[in-house]
Participant: 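Input: one structure, supplied below.
Since the model is a prediction, treat every value here as computed from it, not as a measurement. In what follows, chains are A, B, ... by sequence order, proteins preceding strands, each numbered from 1.
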4 protein chains.
Amino acid sequence: MAWEVKPDRPIYSQLIELIKLRICSGEYPLGSKLPSVRDLAKEASVNPNTMQRALAGLEEEGLLITQRTAGRFVTEDVSMIKKVKNELAVDHVKNFLEKMIDLGFNYEEIKTLLADMTKEMIK
Amino acid sequence: MAWEVKPDRPIYSQLIELIKLRICSGEYPLGSKLPSVRDLAKEASVNPNTMQRALAGLEEEGLLITQRTAGRFVTEDVSMIKKVKNELAVDHVKNFLEKMIDLGFNYEEIKTLLADMTKEMIK
Amino acid sequence: MAWEVKPDRPIYSQLIELIKLRICSGEYPLGSKLPSVRDLAKEASVNPNTMQRALAGLEEEGLLITQRTAGRFVTEDVSMIKKVKNELAVDHVKNFLEKMIDLGFNYEEIKTLLADMTKEMIK
Amino acid sequence: MAWEVKPDRPIYSQLIELIKLRICSGEYPLGSKLPSVRDLAKEASVNPNTMQRALAGLEEEGLLITQRTAGRFVTEDVSMIKKVKNELAVDHVKNFLEKMIDLGFNYEEIKTLLADMTKEMIK
DNA sequence: GTGGTCTAGACCACC
DNA sequence: GTGGTCTAGACCACA
């Protein structure tokens with residue numbers, strides 16, 4: 001997954017979302033050690049301070065745990081990750097439904113379109 | 001619906017999308033006359049030239065028809081609008097599915113979540 | 001009240017405590033506007049970023065409210081301030097009791113000493 | 001009790017306070033022999049010279065008595081220890097009251113809070 | 001080497 | 001003018 005940040009919102013908050021996604025999707029598995037702040041910053045081509053700020057935010061949320069000298073680790077609390085994953089999903093669904101309703105689709109039409117395209121994308 | 005334009009993409013292309021949406025959702029009905037370029041530009045807090053460019057784009061696609069002296073009108077070609085509406089919808093569904101799959105959801109889970117939230121949002 | 005920061009703990013966290021104290025003691029009254037970040041930073045002889053961080057922390061706690069262009073204001077939620085005031089007080093009492101018990105005093109002795117000295121300090 | 005020294009004040013003066021506390025609380029009883037300077041220094045992870053300086057200070061105050069060949073002993077003068085104990089206590093009470101008054105508490109409130117928390121901490 | 005903190009200086013959006 | 005964000009570069013404690 002790429003480190004794509006746009007200039008229209010604070011970088012650190014986009015980083016928070018990207019890392020959240022990586023954790024929820026299992027790219028950074030439960031209990032695993034994250035790369036160091038400096039390495040992550042290099043990867044994402046941002047200043048280490050900015051990455052630090054993002055990681056601090058994730059720590060405050062409870063998704064990461066810091067061991068001062070050893071590095072940062074993904075929480076092992078499955079329920080916490082489940083909760084975050086669900087929050088992200090709910091956001092996506094909400095946005096999606098709003099857009100579709102704006103366009104004038106009703107639930108049945110959305111369901112059908114979704115079913116059709118899922119087959120196509122999985123195929 | 002608001003005229004919300006972000007500074008991270010060409011404004012005229014955002015305007016195209018916004019007007020498309022208005023046409024597809026029936027806010028600008030088939031065959032109806034659009035407000036003047038100047039009025040639209042004022043509404044959207046945008047330079048008239050930019051709005052002009054957006055409208056020209058829509059005309060090229062066939063969604064708008066200009067009658068030199070009378071103004072611009074929405075096409076009356078239902079199939080054309082249906083096509084555009086479908087294109088927009090397909091984009092949304094595609095984006096949505098990609099995000100959900102990134103998060104690790106499968107089709108059944110997406111369907112369930114969608115059904116639950118639809119009830120909630122309609123309620 | 002002076003801006004006394006010691007080099008043995010993060011400055012920003014000391015600033016948080018100092019400002020909390022000012023709010024609880026009424027030096028920054030409920031609903032009042034705080035000096036600007038830059039002015040506060042100058043007053044406390046710290047970098048504006050450090051003061052910014054402290055204020056952000058206080059905002060997250062709900063003690064301050066930011067109005068983007070107008071400045072920062074103390075919350076008007078009395079219960080919130082009462083809660084913080086009580087937390088600070090409980091900390092002080094706890095520390096005090098620990099020290100006195102370490103010294104070998106019991107509750108009756110502490111009470112007496114406190115009563116005597118209170119008279120003296122108020123006198 | 002731990003040998004906790006912070007880097008923000010002269011170490012030797014912190015050692016003086018820590019040893020005073022130990023004497024007042026009875027950890028080093030009246031008339032008892034103190035560990036050697038070297039042992040104390042090792043315990044406190046401090047340079048022997050620094051510990052030496054602290055002990056010299058305590059001797060000057062009369063709390064310790066050196067017998068050239070036998071080592072250092074805690075004074076047997078009860079009134080002396082009582083006096084020191086009282087000085088320390090008075091300091092703590094003073095600091096405590098100042099902080100509470102800064103916070104806007106009055107004597108009655110302080111008394112109540114103290115009574116409540118004492119029950120809790122003893123319980 | 002790790003994370004944590006601080007400073008200096010810059011730019012932005014908003015009004 | 002206000003707050004908010006970002007970068008660059010430095011120093012510290014810990015192990």
Participant: Of the nucleotides F:dG4, E:dT2, F:dT7, which has the atom closest to the A:Val46 side chain?
Facilitator: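 My answer, after comparing the listed nucleotides, is F:dT7.
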
Participant: Residues in salt bridge (Lys or Arg N to Asp or Glu O under 4.0 Å) with A:Arg22, at least two apart?
Facilitator: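 A:Arg22 satisfies salt bridge (Lys or Arg N to Asp or Glu O under 4.0 Å) with A:Glu27 once adjacent residues are dropped.
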
Participant: Roughly, in whole Å, what's the span from NZ in A:Lys6 to P in F:dT5?
Facilitator: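 My rounded result for the distance is 19 Å.
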
Participant: Nearest-Å distance, NZ (A:Lys42) to P (F:dT7)?
Facilitator: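 Rounded to whole Å, this separation is 15 Å.
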
Participant: For side-chain contact (heavy atoms from CB on, under 4.5 Å), just list the numbers for A:Glu61 and A:Lys20, CA-CA rounded to whole Å, side-chain angles, deciding distance to a tenth of an Å, and then say yes or no.
Facilitator: CA-CA 10 Å; A:Glu61 275 196 69; A:Lys20 253 188 202 167; 3.3 Å; yes

Participant: Starting from the C-alpha separation in whole Å, work towards a yes-or-no answer on side-chain contact (heavy atoms from CB on, under 4.5 Å) for A:Leu21 and A:Tyr28.
Facilitator: CA-CA 9 Å; A:Leu21 183 53; A:Tyr28 295 148; over 6 Å; no

Participant: If you write DNA chain F from 5' to 3' in dot-bracket form, with Watson-Crick or G-U pairs under 3.5 Å, [ ] for crossing pairs and | for pairs with another strand, what do you get?
Facilitator: ||||||||||||||.

Participant: Taking all heavy atoms of B:Met51 and all of B:Ala44, pick out the closest pair and write down the distance.
Facilitator: CE-CB, 3.9 Å

Participant: For E:dG1, take OP1 and OP2 only and decide whether either is under 4.0 Å from a side-chain N or O of A:Ser36.
Facilitator: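 No, A:Ser36 has no side-chain N/O under 4.0 Å of OP1/OP2 on E:dG1.
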
Participant: Rounded to the nearest Å, what distance is computed from the CG atom of residue C:Leu40 to the P atom of nucleotide F:dT2?
Facilitator: 11 Å

Participant: C:Leu58 pairs by side chain to side chain contact (heavy atoms under 4.5 Å, CB included) with which of C:Leu63, C:Val74, C:Thr75?
Facilitator: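 When side chain to side chain contact (heavy atoms under 4.5 Å, CB included) is applied between C:Leu58 and each of C:Leu63, C:Val74, C:Thr75, only C:Leu63 qualifies.
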
Participant: Starting from P on F:dG3, measure out to CZ on C:Phe73 and report it in whole angstrom.
Facilitator: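 After rounding, the gap between these two atoms is 9 Å.
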
Participant: Please name the pair of heavy atoms, one in D:Ala41 and one in D:Pro48, separated by the smallest distance, quoted to 0.1 Å.
Facilitator: CB-CA, 3.6 Å

Participant: Of all the choices, F:dT7, F:dG3, E:dG4, which nucleotide is nearest to the side chain of A:Thr66 once you look at every atom?
Facilitator: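 Between F:dT7, F:dG3, E:dG4, the one nearest the side chain of A:Thr66 would be E:dG4.
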
Participant: Can you sort out which residues in residues 13-24 of chain A have a heavy atom within less than 4.0 Å of DNA chain E? Ascending by number, please.
Facilitator: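 By residue number: none to list.
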
Participant: For residues 79-104 of chain A, run the donor-acceptor check on the side chains, cut-off 3.5 Å, and write out each pair with its distance to 0.1 Å, sequence neighbours left out.
Facilitator:
residue, atom, partner, partner atom, Å
A:Ser79, OG, A:Asp77, OD1, 2.7
A:Asn95, ND2, A:Asp91, O, 3.4

Participant: Just wondering, are more than 12 heavy atoms of other shown residues or ligands nearer than 6.0 Å to CZ in B:Arg72?
Facilitator: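 Check passes, neighbour count above 12.
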
Participant: Could you measure the distance from the CG atom of D:Leu15 to the OG atom of D:Ser13? Nearest 0.5 Å is fine.
Facilitator: 8.0 Å

Participant: Counting distance only, does the side-chain N/O of B:Gln14 pair as donor-acceptor with the main-chain N or O of B:Arg9 below 3.5 Å?
Facilitator: yes

Participant: Assess whether side-chain contact (heavy atoms from CB on, under 4.5 Å) is satisfied between D:Leu55 and D:Leu40, documenting all intermediate values.
Facilitator: CA-CA 10 Å; D:Leu55 296 177; D:Leu40 281 172; 4.2 Å; yes

Participant: Would you say that more than 12 heavy atoms from the other residues, nucleotides or ligands in this model lie under 6.0 Å from the NZ of A:Lys42, or not?
Facilitator: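 No, because the 6.0 Å sphere around NZ of A:Lys42 holds 12 heavy atoms or fewer from other groups.
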
Participant: Would you jot down, in residue-number order, the residues of residues 54-65 of chain C having a non-hydrogen atom under 4.0 Å from DNA chain F?
Facilitator: none

Participant: What one-letter contact string describes nucleotides 9-15 of chain E from 5' to 3', where B marks a base within less than 4.0 Å of any protein heavy atom, S marks contact via sugar-phosphate atoms alone, and - marks no contact?
Facilitator: B----BS

Participant: Please determine, for the side chain of C:Gln52, which listed nucleotide (E:dT5, F:dG4, E:dG4) has the closest atom?
Facilitator: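 Of E:dT5, F:dG4, E:dG4, F:dG4 is nearest to the side chain of C:Gln52.
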
Participant: Taking side chain as C-beta onward, heavy atoms only, is D:Asn49 less than 4.5 Å from D:Tyr12?
Facilitator: no

